[in-house]
Amino acid sequence: MLASMSEFDLIARYFTRPVMRAALGVGDDCALLRTAEGMQLAVSSDMLVEGRHFFADVDPSRLGHKALAVNLSDLAACGAQPLAFTLALALPRADEAWLAAFSRGLFALADVHGCELVGGDTTQGPLNICITVFGELPKGQALLRSGTRAGDDVYVSGTLGDARLALEALRGRITLPAGWMAAARLRLEQPTPRVALGLALRGIATAAIDISDGLLGDLGHLLQASAVGARIDTSLAIDLLAGSPDFERAEGLLHHEARLGCVLAGGDDYELAFTAPVSARTAVQAAALEARTPVTRIGHIESAPGLRLVDAAGQPVSGQFASFDHFA
Ligand code: ADP
Ligand code: MG
C-alpha cells in the first residue's frame, strides 16, 4: 500500500494497457503467454537499485527506458524476439509526476520492440526496479555463451566506453565537452539494446554475450563457458570509443590508457560481443547491415584459456584493465 493513491489505482493508471499478443495481461493472478509450436521461451531478469545502478535524480523517463533496455539486451544476446515483460517495483512514495515520466519512457521502448507489460508487483520501499522479460526463438537456435571454437573471429557491436566516460563526468572526475557529454550521457542513461542484431546473427554467430560489466569481464564469461581463450588487438579495440563528433577535438583529454580502459572495462555499454567462424565474415557484415548496427572484428579465439591483449605488431599489452582507474 502506498500513501495518497492506492496500489491498485497506481497499477491501473500507469501500468495497465490492453494486451496485444499475450492471452492475458495485468489484472489476474497470472499473465498467460501464447507459445507457438516449435518455439522456446527465453527468460531473463535484471534489477536496478537506486544508488547502485542509477543516481536518485536521474530523469525518470530515461530510467524507465533503461530498466527495460538492460533486460532486452539479454534477449538480444540470445537472439530472442521480445514478447512480454513483468515489472516488480518498490517505490518510496506514489509520486505521480515521477510515475508518469517513468511509464512513458518504459512504454516508448516497449512499443519499439512490440514487448508488452503483462504483470508485476508494486510495493512501498527504497526505489528498486526489477523487470523479467520473455522472448521467443525457434527451438535450438539460441545464441549461447558456450558455442565458440578456436579460430573463430571475435566481434563487438557499436561503440564501447562512452557510458563509463559519462559516469566519470557525473562523478566530477573528468570534464567532457558539452556535445560529447550529452551523447555519452545518453549512452549511459538510455542504452540501445541490440535486439535486431541478435536476431540477424541467429545461425551465424557461434556464441554471444551482452556487455554490461565491461568487454574484458563479459568476454571472459563467454571464453570460460566455451573453455577457450582469445587474442584481442587493442589497436582495433581502441577505435570503439567513438563518442561524438567532438571526440577528435577533445582527443587530448584522455590518456591512451584511460581511453583503452573505457573501451575494455568501462561497463554499462549494452553492446554485443560475439564470435563467428572466419568463413562467415561476409554473413556477419550482411547481418550487421540488415540490423543497421555496425560491428567491428577485434581478435580471434584460441584454444589456450585466458585473454591476451596485443598491439598492432602483436606485442603483449600490459595493464590492469579489468579494474582500471586511470582518470586521476
Ligand atoms: P497478487 O496479490 O496476486 O500478487 P497484486 O495485487 O500484487 O496481485 O497485483 C494485481 C495485478 O496487477 C496482477 O495482475 C499483477 O501482475 C499486476 N501488477 C502489479 N504491479 C504491477 C506493475 N508494477 N506493473 C504491471 N502490473 C502489475
Ligand atoms: Mg502482489
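In listed order, ligands and their atoms are each counted from 1.
For Tyr14, the heavy-atom gap to ligand 1 stays at 4.0 angstrom or more.
The ligand atoms of ligand 1 that sit less than 4.0 angstrom from a heavy atom of Asp29 are 3 (O). For ligand 1 and Thr122, the ligand atoms under 4.0 Å from any heavy atom of the residue are 19 (C), 20 (N), 21 (C), 22 (C), 23 (N). Taking every non-hydrogen atom of Asp28 and a distance limit under 4.0 Å, the qualifying atoms of ligand 1 come out as 13 (C), 14 (O). Per-residue contacts place Phe8 under 4.0 angstrom from the following atoms of ligand 1 (heavy atoms of the residue considered): 6 (O). Numbered from 1 in the order shown, with element, the atoms of ligand 1 that lie under 4.0 Å from a heavy atom of Asp121 read 7 (O), 19 (C), 20 (N), 21 (C), 23 (N). Near Gly119, the atoms of ligand 1 lying under 4.0 angstrom from a non-hydrogen atom of the residue are 16 (O), 24 (N), 25 (C), 26 (N), 27 (C).
Counting heavy atoms from C-beta on, the side chains of Arg187 and Tyr270 never come closer than 4.5 Å. Side-chain atoms of Leu83 and Thr35, non-hydrogen and from C-beta on, never get closer than 4.5 Å to each other. Between Thr122 and Leu87 the shortest side-chain heavy-atom distance does not fall below 4.5 Å. Contact of the Leu117 side chain with the Arg17 side chain is not registered, since no non-hydrogen atoms from C-beta on lie closer than 4.5 Å.
Looking at Glu290, its side chain never comes within 3.5 Å of a backbone N or O of Ala200 through a donor-acceptor pair.
Around the CD atom of Gln141, the shell of radius 6.0 Å holds more than 12 heavy atoms that belong to other residues, nucleotides or ligands. Other residues, nucleotides and ligands contribute over 12 non-hydrogen atoms within 6.0 Å of the CE atom of Met39.
Between Gly120 and ligand 1, a contact under 3.5 Å exists for at least one N or O pair. In terms of polar-atom proximity, defined here as any N/O pair under 3.5 Å, Leu87 does make such a contact with ligand 1. Backbone and side-chain nitrogen or oxygen atoms of Gly27 are examined, and one is located within less than 3.5 angstrom of a nitrogen or oxygen of ligand 1.
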